[in-house]
Amino acid sequence: MEGEVVFLHRSWTGYGVFAATFAPVDGGGWRIASAVVERDAERYGGTDDAYDCVMLALVITAIVLGEPAPALRSKLVELTRRKSRSADAPAGLIQHSALGLRSDS
């Protein structure tokens, strides 16, 4: 993190994928005010803005903050099934493949 910007990088390549700028919320807390995602196909293969928005929110919420994030997890599964050949894959498998984390859902 630098100032109000959180940078997320691929663990195995070091490539930056997301840069999220946070802004304070009235009454306390922070929210993502804007975000940028890498679109160079050699660095990151993502092309779906909706998927990337959910992935960014999910990484911050579930991995960084350790919250369960069931709504974000469900949305990730929905978007993955919609765009891939894994329409019948179990939700837990999709989540593990995307996040590398076990889910109880």
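Computed over heavy atoms, backbone and side chain alike; hydrogens, waters and symmetry mates excluded.
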- Item | Distance-minimising heavy-atom pair for Leu56 and Ala20 | CD2-CB, 4.0 Å
- Sidechain-backbone polar pair: Thr80 side chain, Leu76 backbone, donor-acceptor under 3.5 Å: yes
- Hey, are the side chains of Met1 and Phe7 touching, using non-hydrogen atoms and a 4.5 Å cut-off? no
- Item | Nearest-0.5 Å distance that lies between atom OG1 in Thr13 and atom CD in Glu42 | 12.0 Å
- Task: Take Arg39 and Asp52 through the side chain to side chain contact (heavy atoms under 4.5 Å, CB included) test and state the conclusion after the steps.
- Result: CA-CA 11 Å; Arg39 286 295 184 230; Asp52 289 333; 2.6 Å; yes
- Task: Rounded to the nearest 0.5 Å, what's the gap from CE on Met55 to CG on Leu79? Could you check?
- Result: 10.0 Å
- For the residue pair Val64 and Ile60, what are the closest heavy atoms and their distance? CB-O, 3.2 Å
- Where the side chain of Arg81 meets the backbone of Asp88, is there a donor-acceptor pair that is under 3.5 Å apart? no
- Is the NZ or CZ atom of Arg43 positioned over Tyr15's six-membered ring, under 6.0 angstrom from the centre and within 45° of the axis? yes
- Query: How far apart are the closest heavy atoms of Gly14 and His9, and which atoms are they?
  - Reply: O-ND1, 3.0 Å
- Within 6.0 angstrom of Glu4 CD, more than 12 heavy atoms from elsewhere: no
- Message: With rounding to the nearest 0.5 angstrom, report the NZ to SG distance, Lys75 to Cys53.
- Response: 10.5 Å
- Under a single-linkage definition using a 4.5 Å side-chain heavy-atom cutoff for Ile, Leu, Val, Met, Phe, Trp and Tyr, are Tyr44 and Val5 assigned to the same hydrophobic cluster? no
- In Å, rounded to the nearest 0.5 Å, how long is the span from OH of Tyr51 to CG of Leu58? 9.0 Å
- Report yes or no: does Glu38 contribute a side-chain atom to a donor-acceptor pair with the main-chain N or O of Asp40 at less than 3.5 Å? yes
- Task: Could you give me the CA-CA distance, side-chain angles and deciding distance for Ile32 and Thr21, then say whether side chain to side chain contact (heavy atoms under 4.5 Å, CB included) is met?
- Result: CA-CA 6 Å; Ile32 298 173; Thr21 302; over 6 Å; no
- Item | Non-hydrogen side-chain atoms of Val6 and Phe22 separated by less than 4.5 Å | yes
- Item | Residue from Val17, Val59, Val37, Ile63 passing side chain to side chain contact (heavy atoms under 4.5 Å, CB included) with Leu8 | Val59
- Note on the structure: Heavy-atom nearest pair, Leu65 first then Thr61, reads CB-O, 3.3 Å
